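Quick one: this structure, given as structure tokens, is what I'll be asking you about.
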Amino acid sequence: MARLFYTKFPDMKSFQVDIEETPGPEFGDLSSIICFKVSKTLGIPPIDLAKMVATNIKLDESSLVKSVEAAGSGYLNFFLNYKKVNGLTLHSVRTLKESYGFLKSESPDSILVEHSSINPVHAIHVGQARNSILGDALCRMLRARGHHVQAHFYVNDAGRQTAIVAYGYERLGRVKSNIKPDHYIGQIYSVTSCLVEVRNLKDRLRRLIDERKKDERLEVQKRLDEWTGIAFELSSRYPELVGRRSRVISDDHDPEGQINGLLKRYESKDQAARDLIREVSGLCIEGFKQTFSRLGISFDFWDWESDLIWSGRVSDILKQLSRTGYVSSEGGVLRLESGRAVKEFGLHRLLGVTKDYDLPSVSLTRSDGTTLYITRDIAYSILKFGLCNRVINVVGMEQLHEQLHVRVALFVLGMEAMAERQRHFSFGLVKFPGEKMSSRRGRIITLDEVCDEAVRRAYLEVDKRTPTLDELEKKSIAETIGIGAIKYALLSVEPAKEVEYSWDRVIDFETNSAPFINYGYTRANGILRRLGKIGGDVRYEMLTHPLETRLILTIAKFPNVFVEAAEKLRPDILTSYADLLTKQFHEYYEHVDITHLENVELRDARGSLVEALRTVLRNCMGVIGITLAERM
RNA sequence: GGGCCCGUGGUCUAGUCAGGAUUAUGAUGCUGGCCUCCGGAGCCGGUGGUCGUGGGUUCAAAUCCCACCGGGCCCGCCA
């Protein structure tokens with residue numbers, strides 16, 4: 001059609017001929033609004049143009065399009081030649097199987113995806129799970145698109161939080177525990193950080209009493225009361241830990257100084273500090289790995305922040321930055337003047353901020369010479385580009401400014417190409433209603449809990465519906481269904497939106513959920529089991545029922561849907577597609593018989609459609625990391 | 001105060017980037033039907049919407065532009 005259009009109106013080549021969905025079957029299978037777009041330039045009403053195209057278009061037996069109609073005030077509607085479309089679609093699925101739909105990029109790239117990167121100080125909570133699940137889905141989609149992808153986990157072991165938990169762990173006498181290591185570290189973190197906070201506030205209050213500053217004293221007293229309350233809450237939850245911790249930290253005359261000292265010694269690669277912090281972080285990461293493995297998420301590399309410091313990369317970058325003229329020193333603290341850099345380099349467009357926005361300066365070091373997170377992250381970005389051409393950072397949107405500063409820093413260092421090829425894949429926060437989650441208060445809903453609960457609920461369902469299965473199989477099915485449900489719930493919402501989740505929401509077994517899709521999948525399995533082997537020569541042209549041609553058309557669209565999802569980094573496009581496809585299959589199943597047919601050829605043709613559907617569902621879910629159970 | 005993101009039936013959600021069909025997607029809720037079946041975690045129907053508000057552009061606006069309102073996040077010698 002495009003060719004016809006261009007030969008008739010040669011100057012119209014700048015218009016792209018887009019083909020779209022139609023609102024219903026009466027408007028054909030596909031349609032185009034090209035006539036509206038060009039009517040003004042040509043000075044011909046859209047409907048006249050549409051009629052011109054419809055009457056002039058040449059179609060023959062081998063064409064995929066059966067007829068073209070001009071409709072409405074200028075639409076072009078296409079009716080497909082199903083004899084051709086059916087065969088082409090179902091034959092491709094049958095031949096390509098697990099690779100059907102995964103069109104390879106014409107320009108495959110080397111892409112590094114950093115995701116998860118949870119601080120090794122407590123167990124993974126549901127909010128962070130969105131990061132991991134999205135990040136993993138992106139990796140899978142990009143790989144399927146033909147890119148070379150490496151997944152990296154950035155271990156933040158050089159921050160204050162790690163020093164706090166390491167300090168607490170040391171004071172406890174490095175006692176091991178039989179609870180899951182990341183949960184154990186999390187308990188120590190909450191308790192230590194709380195007691196240190198109480199201690200600091202008490203010290204401050206004592207100084208303020210001497211100085212007779214009433215307003216500030218009241219403010220500090222208020223915070224102290226709050227933290228004392230938290231301490232009480234924690235002591236009822238982990239009585240033994242708090243009891244022992246409380247004593248040893250009270251004995252310490254300067255816990256704050258101890259923590260800062262530990263951090264400083266760690267940065268300078270002191271052996272004892274190194275052994276301690278690496279042991280604590282390692283324990284926590286061991287716990288992460290257990291959780292990730294349960295979710296089928298894996299990383300190619302674990303990059304330790306401390307290695308960046310020890311290798312001298314961070315101080316090198318700091319030196320280089322200092323020479324750019326965009327770093328100033330304020331009382332021993334080095335600061336990057338991002339705002340000025342943005343103005344002088346004209347980075348507003350690249351960064352997506354308004355022209356007169358003055359990005360504030362940002363500190364690169366503490367006054368004791370230790371580096372800050374952002375400084376290490378700049379060095380990390382450069383390291384990443386030594387390994388790939390494109391970087392995707394899966395980081396919550398609360399870190400927008402931090403990500404902006406990193407790109408500004410790359411720019412002032414003369415590494416424009418890196419700044420342009422680094423993308424912040426941001427996503428909204430996950431909240432549970434009520435109290436805000438706080439790891440310092442030990443109040444988090446962990447991903448492990450959510451998994452356990454989802455699997456427990458899935459097991460009850462499986463047991464109720466298929467009690468005849470043996471115990472081991474029921475458990476295995478429940479695991480697949482439960483984990484899939486969690487992933488689907490977190491993937492099916494557009495990443496930019498923030499979400500308020502409840503238990504019922506995360507563990508959704510209703511329509512528009514992974515179990516719904518899985519149910520369609522097992523239905524397909526059931527039919528195919530009953531049919532047995534389908535013959536080699538399938539007469540696809542026998543599939544003429546409206547419900548089955550619609551289903552075939554949807555299957556035919558999968559490759560385009562996949563490409564769109566991968567290019568836009570939108571896993572939710574694939575969850576929506578899978579939901580639509582499943583729904584269409586359920587409708588088909590309710591209205592059209594398959595296994596009872598006397599006509600063997602029609603039965604096999606329909607069987608091959610079911611087989612194709614099953615393949616597409618499996619491919620579609622698999623590419624975002626969701627496994628479907630064969631039975632349920 | 002400044003910056004970024006999000007506002008679509010009671011609740012949740014697609015469509016917004018690339019404006020098009022007097023019919024705005026789907027789920028959930030409430031409600032009426034459908035199993036001598038290919039597995040009812042399903043299907044068929046009913047109910048329910050000022051697409052946050054107000055302007056503008058256009059033959060045509062949920063979609064583009066401007067202003068405003070509501071919610072979230074950030075503006076640390078935290079990460």
Side-chain angles (χ1 to χ4, degrees), chain A residues 16 18 20 22-24 26-27 31 33 35-37 39-40 45-46 71-75 77 117 119 121 156 158-162 305 330-335 351-354 356-360 362-374 376-377 395-402 404 426-429 431 458 461-462 464-466 481 492-494 496-500 505 508-513 515-520 522-531 568 572-573 576 579-580 582-583 585-597 606 610 631-632:
Chain A
Q16 205 190 328
D18 287 322
E20 308 182 343
T22 59
E26 64 273 32
F27 303 111
S31 76
I33 55 165
C35 299
F36 290 98
K37 310 230 182 222
S39 80
K40 184 172 276 184
S73 49
Y75 294 90
N77 291 338
S117 302
N119 290 353
V121 295
N156 299 126
R160 227 187 97 79
Q161 289 182 310
T162 353
E305 197 178 13
E330 290 172 29
V333 171
L334 296 178
R335 290 174 67 81
L351 302 177
V353 292
T354 52
D356 39 48
Y357 176 55
D358 192 25
L359 193 65
V362 61
S363 299
L364 297 172
T365 60
R366 295 191 182 89
S367 52
D368 69 355
T370 53
T371 55
L372 291 167
Y373 172 76
I374 187 159
R376 304 182 298 253
D377 207 17
V395 173
M397 76 156 198
E398 71 278 8
Q399 290 203 43
L400 181 92
H401 277 95
E402 190 271 345
L404 243 45
S426 92
F427 57 92
L429 288 175
K431 275 187 168 176
E461 291 291 320
V462 174
K464 186 169 82 190
R465 290 162 208 283
T466 330
I481 302 287
S492 61
V493 181
E494 186 191 342
K497 295 203 183 194
E498 20 187 280
V499 278
E500 188 166 292
R505 178 96 193 270
D508 184 2
F509 286 20
E510 301 293 315
T511 323
N512 195 10
S513 71
F516 172 76
I517 291 161
N518 209 146
Y519 180 59
T522 52
R523 263 191 164 171
N525 273 338
I527 294 170
L528 292 169
R529 259 198 308 274
R530 189 168 280 253
L531 280 182
K568 292 182 177 172
D572 58 298
I573 291 177
S576 299
D579 187 61
L580 173 73
T582 307
K583 198 171 301 163
F585 173 61
H586 279 309
E587 287 174 32
Y588 178 59
Y589 171 93
E590 298 286 342
H591 295 98
V592 179
D593 209 331
I594 301 169
T595 57
H596 302 127
L597 293 173
R606 287 184 173 167
V610 173
R631 308 178 66 123
M632 63 193 283

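Computed from a predicted model, the values in this text were never measured in an experiment. Chain letters run A, B, ... following the sequence lines, proteins first, then strands; residues in each count from 1.
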Report task. Measure from CZ on A:Phe585 to C1' on B:rC43 and round the result to the nearest Å. Result -> 13 Å
Query raised in the report: When all nucleic acid strands are considered with a 4.0 Å heavy-atom cut-off, which category describes A:Asn77: base, sugar-phosphate, or nothing?
Result: base
Query raised in the report: Does A:Lys497 make a side-chain N or O approach to OP1 or OP2 of B:rA14 shorter than 4.0 Å?
Result: yes
Report task. Quote, to the nearest angstrom, the P distance that separates B:rC65 from B:rA24. Result -> 24 Å
Requested in this report: Give the nucleotide from the list B:rC43, B:rA79, B:rC73 with an atom nearest to the side chain of A:His591.
Outcome: B:rC43
Query raised in the report: What nucleic acid atoms does A:Val462 come within less than 4.0 Å of, heavy atoms only: base, sugar-phosphate, or nothing?
Result: base
Report summary line: Shortest non-hydrogen pair, A:Pro515 vs A:Met632, comes out as O-CE, 3.8 Å
Requested in this report: Pick base, sugar-phosphate or nothing for A:Gln399, based on heavy-atom distances below 4.0 Å to the nucleic acid.
Outcome: base
Report task. Whole angstrom is fine here: how far is it from OH in A:Tyr588 over to C1' in B:rC43? Result -> 15 Å
Query raised in the report: Given B:rC75, is OP1 or OP2 found less than 4.0 Å from the side-chain N or O atoms of A:Tyr357?
Result: no
Requested in this report: If the glycosidic angle is within 90 degrees of 0 it's syn, otherwise anti, so just tell me which one B:rC37 is.
Outcome: anti
Query raised in the report: Rounding to a whole Å, what distance do you find between A:Lys464:NZ and B:rG40:P?
Result: 15 Å
Query raised in the report: What integer distance in Å separates A:Leu400:CG from B:rC4:C1'?
Result: 5 Å
Query raised in the report: Between B:rC78 and A:Arg366, is there an OP1 or OP2 to side-chain N/O distance shorter than 4.0 Å?
Result: yes
Query - 5' priority, RNA chain B, between A:Asp593 and A:Ile481 [closest heavy atom] - result: A:Asp593
Query raised in the report: Between A:Ile517 and A:Asp579, what is the shortest heavy-atom contact and its length?
Result: CD1-N, 3.9 Å
Query raised in the report: When the P atoms of B:rA18 and B:rC64 are considered, how many whole Å apart are they?
Result: 9 Å
Report task. May I ask which nucleotide in the shown strands pairs with B:rG1, Watson-Crick or G-U wobble, both distances under 3.5 Å? Result -> B:rC75
Query raised in the report: For A:His586, which contact category applies under a 4.0 Å heavy-atom criterion: base, sugar-phosphate, or nothing?
Result: sugar-phosphate
Query raised in the report: With respect to the side chain of A:Lys568, which nucleotide from B:rA21, B:rC6, B:rC17 is positioned closest?
Result: B:rC17
Query raised in the report: Are the side chains of A:Thr595 and A:Leu531 in touch, meaning some heavy atoms are under 4.5 Å apart?
Result: yes
Query raised in the report: Cation-pi between A:Arg523 and A:Tyr589: NZ/CZ under 6.0 Å from ring centre and within 45° of the ring axis?
Result: yes
Query raised in the report: Which part of the nucleic acid, if any, lies within contact of A:Ile594, taking any heavy atom under 4.0 Å across all strands shown: a base, the sugar-phosphate backbone alone, or nothing?
Result: base
Query raised in the report: What is the pairing partner of B:rG54, taking Watson-Crick or G-U wobble pairs with both distances under 3.5 Å in any strand?
Result: B:rC66
Requested in this report: Specify the separation, in whole Å, of atom CG of A:Leu404 and atom P of B:rC4.
Outcome: 10 Å
Query raised in the report: When you check the side-chain N and O atoms of A:Thr522 and A:Arg631, is any donor under 3.5 Å from an acceptor?
Result: no
Query raised in the report: How far does the C1' atom of B:rU53 sit from the matching atom of B:rA61, given to the nearest Å?
Result: 16 Å
Query raised in the report: Base, sugar-phosphate alone, or nothing: which one does A:Arg335 contact when heavy atoms must sit under 4.0 Å apart?
Result: sugar-phosphate
Query raised in the report: Taking the side chain as C-beta and beyond, is there a heavy-atom pair between A:Thr365 and A:Leu372 under 4.5 Å?
Result: no
Query raised in the report: Would a 4.5 Å heavy-atom cut-off, applied to side chains only, mark A:Arg606 and A:Tyr588 as touching?
Result: yes
Query raised in the report: When all nucleic acid strands are considered with a 4.0 Å heavy-atom cut-off, which category describes A:Glu461: base, sugar-phosphate, or nothing?
Result: base
Query raised in the report: Could one point to a donor on the side chain of A:Ser117 or the base of B:rA79 with an acceptor on the other under 3.5 Å away?
Result: no
Query raised in the report: Taking atom types as they are modelled, is there a donor-acceptor pair under 3.5 Å from the base of B:rC77 to the side chain of A:Thr365?
Result: no
Query raised in the report: Hey, does A:Asp377 reach any base, or is it just sugar-phosphate, or nothing, if we go heavy atoms under 4.0 Å?
Result: nothing
Report task. Can you tell me the pairing partner of B:rG32 across any strand shown, Watson-Crick or G-U wobble, with both distances under 3.5 angstrom? Result -> B:rC44
Query raised in the report: Within the structure shown, what part of the strands sits under 4.0 Å from A:Ser576 by heavy-atom distance: base, sugar-phosphate, or nothing?
Result: nothing
Query - Nearest-nucleotide pick for A:Leu429, side chain only, options being B:rG3, B:rC73, B:rG39 - result: B:rC73
Requested in this report: Have a look at A:Ile527 and say if it touches a base, only the backbone sugar-phosphate, or nothing, with a 4.0 Å heavy-atom cut-off.
Outcome: base
Report task. Rounded to the nearest angstrom, tell me the gap between atom CG in A:Asn518 and atom P in B:rG42. Result -> 12 Å
Report task. Determine the interatomic distance between P on B:rC75 and the same-named atom on B:rC30; round to the nearest Å. Result -> 43 Å
**Report entry** Atom P, compared across B:rG33 and B:rG70: separation rounded to whole Å
**Finding:** 47 Å
Requested in this report: Report yes or no: is there a donor-acceptor pair, N or O only, under 3.5 Å between the side chain of A:Asp579 and the base of B:rA14?
Outcome: no
Query raised in the report: Is the shortest heavy-atom distance from the side chain of A:Lys497 to the side chain of A:Phe427 under 4.5 Å?
Result: no
Query - Rounded distance (Å) that lies between atom C1' of B:rC37 and atom CG of A:Leu597 - result: 15 Å
**Report entry** P atoms of B:rC68 and B:rA60, separation to the nearest Å
**Finding:** 27 Å
Query raised in the report: Does A:Arg160 make a side-chain N or O approach to OP1 or OP2 of B:rG76 shorter than 4.0 Å?
Result: no
**Report entry** Mate of B:rG9 where both pairing distances stay under 3.5 Å, Watson-Crick or G-U
**Finding:** none
Query - Proximity to the side chain of A:Tyr589 - top-ranked nucleotide from B:rC17, B:rA79, B:rG39 - result: B:rG39
Report task. Considering non-hydrogen atoms only, spot the tightest contact between A:Leu597 and A:Asp593 and give its length. Result -> CD1-O, 3.6 Å
Query raised in the report: Taking the side chain of A:His401 as heavy atoms from C-beta outward, which of B:rG2, B:rC6, B:rC77 is closest to it?
Result: B:rG2
Query raised in the report: With a 4.0 Å cut-off on heavy atoms, is A:Glu498 in touch with a base, just the backbone sugar-phosphate, or nothing at all?
Result: base
Query raised in the report: If the C1' atom of B:rU36 is compared with that of B:rG32, how far apart are they to the nearest Å?
Result: 24 Å
Requested in this report: Figure out the CD/P separation between A:Glu494 and B:rU13, and round it to whole Å.
Outcome: 10 Å
Query raised in the report: Using the P atom in both, what is the distance from B:rC34 to B:rG40, to the nearest Å?
Result: 16 Å
